[in-house]
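Please read the structure below before turning to the comments.
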Amino acid sequence: MTDEMSEVRTRFAPSPTGNLHVGGAHTALFAWLFARHEGGKFVLRIEDTDEVRSTEESLQAIYDGLKWIGIDWDEGPDVGGPFEPYVQSERLELYDQQFDRLMDSGRAYRCFCTPEELQQQREIMQARGIPPRYEGPCRNYDEKQIQTLLAEGKPYCVRFRVHESGTTVVDDLIRGEVSFDNSLLGDFVIRKTSGYPTYHMAVVVDDHLMDITHVIRAEEHLANTPSHVQLMEALDFERPQFAHLPLILGPDRTKLSKRHGSVNLLDYRDQGFLPEAMRNFLAIIGWSPGAEQEILGLEELIQKFTLDNVSKSPGIFDLEKATWLNGEYLKTADADYLTDLLVPMLQEEGLIEGDLSPERREWLERVVDLMKERTRLLNDFVVWGRYYFTEDFPYDNRARKKWLRREDVPERLDMLAERIEKMENWDLASIEQVIRGLADDIDVGAGKIIHPCRAAVTGQTIGPSLFHLMELLPKESVVARLRRAAELGRAGEMEPLPDVEE
RNA sequence: GGCCCCAUGGUCUAGUGGUUAGGACUCCGCUCUUUCAAGGCGGCGGCACGGGUUCGAUUCCCGUUGGGGCUACCA
């Protein structure tokens, strides 16, 4: 860096052509963490130079995705900043100024080739085993020929004239020096026929104009970088520092795509992930704090993040691990916070209706506190905890096989129901006392009552402490459930269901 | 095909010119006995291969293999 006071400035520059991709979120997170760690600025710039695919909805999806995992931006289309505008389609005249400079210096030229002609040229070169680079006629037209074509009104794009020999060396903070043979680079298009800049031009111009100090982006851009570097030199721009991040791959080791499940970050919210867990997970793909610690909160991430702990090799999006991590966050999360997230999900399932009374809300938080220890996704609360909210819950096959279909169970359930019905205090100690008391009286182990009771009351063989969960259910409901299970058992209705997962 | 990047268990990774190569996920076993998809304990499993350099390479160099990326008027 130079001697002058230079603040770190990084950016995330997505194209609004879809949802925020998991890979994009990863890149954004790293660029953001770096800026925050360095006390610098993080810029959001929208690269909508693909006139065909860019959409407004997509822009919103990007905002939503970034915000979800807690990434904020100091400058951007919605918040403004000293380098406005932050949307490339609104910066066309800025690129035109640079095109003019390049044309004047002879580093750029008009290309009148049609897409068909280009395609043909490519095929010929490929067939001859030559690297497909532009070698068409346009790079050598003289002024007169150009004027003629212009007069004819032939459409054209603008190409950048790359060096024909020599080497371009890219100094990458993660990979070290990487060199590229210039003769392999083709004259690439920098201005489309439409007048829009291509990505290569726009990114170089904007990174310079916006004083970006560190270009942090995915590795797929590494091979484009020598082109960018030549452009910068031709334009007399100072080079930023480069850091090319490892890619995220699917379990089959190809670039993460729809085939591997969802690539839309926000789908994971819908699948029951907590934003802090997803952020943590994304952070430890391709980066590690160096210590034997994987669970890191926001402040820790910012504090510990450095580029030299970023790995060079690609990482795999391991949903198992993400799910585990989510479970860890769930365990320690506040019931209040989780309840806020859960209410809409429960409403959607029809398990709660309308607004919660303060008492009901308090009750829900107790349920959440009881359940969160053994959940891994928010949805687990809804699926495994269904019995807290409705009498209409299924008896799973394990519960049926292990307890509910047994001959001696209905009688015990009825006996328990009878005793519970007579209880005056509905609290933890009393519940435990009644259950253990029954076991003692009929001279069986406590488990022989506890397990069938759990199966009858929850339909499951697993779950939180039975006494605790019973306490959260109305006494009448527990009695009814015990009797219903006993009845169904006697009627032979508790046989395992075919084709049902256990 | 060409160019570029990468390579520690199945996965994410720590680490070193001499280590019993450490941790996490997953899987398995044991335990807790009020269940487990919870907790506790333990286990299986790794430096891709071949050459060098070196007294000694997982570590440094070269090659091979494998994987990935780029090779658009997409970004």
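None of these values were measured; they are calculated from a predicted model. Because only heavy atoms are used, hydrogens play no part in the values below, and waters and symmetry mates are left out as well, while side chains stay in. By convention in this document, chain letters (A, B, ...) are assigned in the order of the sequence lines, proteins followed by strands, and residues within each chain are numbered from 1.
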### Task
Name all pairs fulfilling the side-chain hydrogen bond (donor to acceptor under 3.5 Å, both in side chains) condition that reach into residues 223-233 of chain A, sequence neighbours left out, sorted by first residue then second.
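Applying side-chain hydrogen bond (donor to acceptor under 3.5 Å, both in side chains) to every pair that reaches into residues 223-233 of chain A, excluding sequence neighbours, yields A/Thr168-A/Gln230, A/Asn182-A/Gln230, A/His200-A/His228, A/Arg217-A/Thr225, A/Arg217-A/His228, A/Thr225-A/His244, A/Glu233-A/Arg239.
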### Contact list for residues 51-61 of chain A, test side-chain hydrogen bond (donor to acceptor under 3.5 Å, both in side chains), sequence neighbours left out
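side-chain hydrogen bond (donor to acceptor under 3.5 Å, both in side chains) check on residues 51-61 of chain A returns A/Asp50-A/Arg53, A/Glu51-A/Ser194, A/Gln60-A/Asp64.
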### Message
Applying salt bridge (charged side-chain N to carboxylate O under 4.0 Å, His left out), can you list everything that pairs with A/Glu349, at least two apart in sequence or on another chain?
### Response
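With neighbours one apart ignored, the set is empty.
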### Task
Sequence neighbours left out, what passes salt bridge (charged side-chain N to carboxylate O under 4.0 Å, His left out) with A/Arg374? Give chain and number order.
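A/Arg374 satisfies salt bridge (charged side-chain N to carboxylate O under 4.0 Å, His left out) with no residue once adjacent residues are dropped.
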With [atom1] as the reference atom in both, quote the distance from [N] to [M] in angstrom, rounded to an integer.
N	M	atom1	answer
B/G56	B/A38	C1'	49 Å
B/C3	B/U54	C1'	34 Å
B/C32	B/U13	C1'	32 Å
B/A7	B/G15	P	13 Å
B/C12	B/U19	C1'	22 Å
B/C47	B/A21	C1'	8 Å
B/G45	B/U8	C1'	13 Å
B/G18	B/G1	C1'	45 Å

Applying a 4.0 Å non-hydrogen cut-off, can you work out what [X] is touching in the nucleic acid: base, sugar-phosphate, or nothing?
X	answer
A/Gly327	nothing
A/Thr461	base
A/Ser465	base
A/Ser179	sugar-phosphate
A/Gly290	sugar-phosphate
A/Lys402	nothing
A/Pro226	nothing
A/Thr49	sugar-phosphate
A/Cys113	base
A/Ile190	nothing

### Message
Before you tell me yes or no, could you show the steps for A/Lys331 and A/Glu328 under salt bridge (Lys or Arg N to Asp or Glu O under 4.0 Å), namely the whole-Å CA-CA distance, both residues' side-chain angles and the distance that decides it to 0.1 Å?
### Response
CA-CA 5 Å; A/Lys331 275 177 202 170; A/Glu328 294 301 302; 3.2 Å; yes
### Sequence-aligned protein contact record of nucleotides 22-31 of chain B, with B where the base is within under 4.0 Å of a protein heavy atom and S where only the sugar-phosphate is
BBBSS-----
### Task
Determine, for nucleotides 64-72 of chain B in 5'-to-3' order, which nucleotides have protein heavy atoms under 4.0 Å from the base (write B), from only the sugar-phosphate (write S), or from neither (write -).
---SBSSSS
### Query
Start at the 5' end of RNA chain B and walk down; is the nucleotide closest to A/Gln460 or to A/Asp181 reached first?
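The residue closer to the strand's 5' end, by nearest nucleotide, is A/Asp181.
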#### Entry: Which residue lies more 5' along RNA chain B, comparing A/Pro155 with A/Leu184 via nearest heavy atoms
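It is A/Leu184, whose closest nucleotide lies nearer the 5' terminus.
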Just jot down the side-chain hydrogen bond (donor to acceptor under 3.5 Å, both in side chains) partners of [X], sequence neighbours excluded, or say none.
X	value
A/Gln119	A/Arg122, A/Glu123
A/Glu432	A/Arg436
A/Asp206	A/Gln88, A/Arg91, A/Tyr95
A/His468	A/Ser465

Do the rings of [X] and [Y] sit parallel, tilted or perpendicular, given the 30° and 60° boundaries?
X	Y	answer
A/Phe305	A/Phe34	perpendicular
A/His208	A/Phe237	parallel
A/His221	A/Tyr199	tilted

Partner of [N] by Watson-Crick or G-U wobble geometry, both contacts under 3.5 Å, or none?
N	answer
B/A48	B/U64
B/A24	B/U11
B/C70	B/G2
B/G39	B/U31

### Query
Of all the choices, B/C73, B/U34, B/U13, which nucleotide is nearest to the side chain of A/Arg159 once you look at every atom?
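Of all the options, the side chain of A/Arg159 is nearest to B/C73.
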Rounded to whole Å, please give me the gap between [atom1] in [X] and [atom2] in [N].
X	N	atom1	atom2	result
A/Glu373	B/U34	CD	P	18 Å
A/Arg412	B/U34	CZ	P	15 Å
A/Arg217	B/C5	CZ	P	16 Å
A/Phe180	B/G2	CZ	P	17 Å
A/Phe281	B/U13	CZ	C1'	13 Å
A/Lys312	B/C12	NZ	C1'	17 Å
A/Arg175	B/C6	CZ	P	6 Å
A/Asp48	B/A75	CG	P	10 Å

#### Entry: base_contact_polar (B/C36 base, A/Arg374 side chain, donor-acceptor, <3.5 Å)
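It does, because a donor-acceptor pair links the side chain of A/Arg374 to the base of B/C36 below 3.5 Å.
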### A/Thr193 (side chain) and B/C73 (base): donor-acceptor pair under 3.5 Å
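Between B/C73 and A/Thr193, which were checked side chain against base, a qualifying N/O pair under 3.5 Å is present.
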### Query
Does the side chain of A/Asp308 pick up a donor-acceptor pair with the side chain of A/Thr306 at under 3.5 Å?
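On atom types as modelled, these side chains qualify, holding a pair under 3.5 Å.
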Could you pull out the protein-nucleic contacts involving nucleotides 43-49 of chain B (nitrogen or oxygen on both sides, under 3.5 Å)?
none

### Presence of A/Thr198 side-chain N/O under 4.0 Å of B/C73 phosphate oxygens OP1/OP2
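False: A/Thr198 side-chain N/O out of range (4.0 Å or more) of B/C73 OP1/OP2.
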### Query
What pairs meet the ring pair (Phe, Tyr, Trp, His ring centres under 6.0 Å) rule with one or both residues in residues 163-185 of chain A, with sequence neighbours excluded?
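Sorted result for residues 163-185 of chain A: empty, none.
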### Message
Checking A/Asp408 against A/Arg412 for the salt bridge (Lys or Arg N to Asp or Glu O under 4.0 Å) test, could you report, in this order, the C-alpha distance in whole Å, the side-chain angles of both residues, the deciding distance, and whether it holds?
### Response
CA-CA 7 Å; A/Asp408 52 355; A/Arg412 289 177 190 169; 3.6 Å; yes
